[in-house]
Amino acid sequence: MLIVWLVLAATLSRSIRASTTISIPITTQDIIAGDVFFEILSPSDLEYTYRLRPAKDFGSAFSERLEGVPLVLTDPPGACQEIRNARDLNGGVALIDRGECSFLTKTLRAEAAGALAAIITEYNPSSPEFEHYIEMIHDNSQQDANIPAGFLLGKNGVIIRSTLQRLKRVHALINIPVNLTFTPPSKINHPPWLGW
């Protein structure tokens, strides 16, 4: 009798677990969760919508919509020294590699070169942070940036950089921020190399 009871209890337990799975649809608001999006208008190889994690406690918010502005690779890529291609960057958005100095320092260098915003990305595919969003925090210096800054997934940054270099392009054209509030997740034109 005890054996029958244990078998019955185990079978009942499995069927209850199988039938209690709850499926909740993912909404655009779940995806956004405080992040900012931008879209690349050209070159056509990069015409997708990309997600950024805004800086946590420095710089300004991505509140002003910038349309058709250049996204420029900084020289040097890490922007820890004075940016040499300030002429290209003036009035655009800086794409900067992570590492060697603080996120705030990179943002301040971009601002000094005339950038309207800074996008920082992991460029090293073997870094543990390559496929993760990083919370960019203030470096506790007495400085602050007056432009917005955000972190871009490493895979996106590497593909944007390598595509622009392959096409011998100085910049891409972007719109930032892009409002996706009422766009169903299935309609967001995200890069095919990423899953959301």
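Atom set for the values below is all heavy atoms of this structure, side chains included, hydrogens, waters and symmetry mates excluded.
Across all their heavy atoms, Val36 and Pro54 have their closest contact at CG2-CG, 3.6 Å. Taking all atoms of both residues into account, the shortest heavy-atom contact from Pro43 to Arg169 is CB-NH1, 3.4 Å. The two residues His138 and Gln143 have their closest heavy-atom pair at NE2-O, 2.7 Å.
The OH atom of Tyr50 sits 4.5 Å away from atom CD1 of Ile160, with the distance rounded to the nearest 0.5 Å. Interatomic distance, CG of Asp144 versus OG1 of Thr107, reported as 9.5 Å (0.5 Å rounding).
The number of heavy-atom neighbours closer than 6.0 Å to CG of Leu167, taken from other residues, nucleotides and ligands shown, is above 12. The environment of CD in Glu47 is crowded: more than 12 heavy-atom neighbours from other residues, nucleotides or ligands sit within 6.0 Å. By the 6.0 Å contact criterion, CZ on Arg87 is open, its count of non-hydrogen atoms from other residues, nucleotides or ligands being 12 or less.
Residues meeting the side chain to side chain contact (heavy atoms under 4.5 Å, CB included) test with Arg84, sequence neighbours left out: Asp75, Pro76.
Across Glu129, Glu122, Glu135, a single residue satisfies salt bridge (Lys or Arg N to Asp or Glu O under 4.0 Å) together with Arg53, and that is Glu135.
Not one N or O on the side chain of Lys106 forms a donor-acceptor pair closer than 3.5 Å with the backbone of Ala118. Put simply, the side chain of Ser162 gets close to the backbone of Val158: a donor and an acceptor are under 3.5 Å apart.
A donor and an acceptor atom, one from each side chain of Glu111 and Asn146, are located under 3.5 Å apart. For the 3.5 Å distance criterion, the side chains of Asn175 and Glu67 fail to qualify, holding no donor opposite an acceptor.
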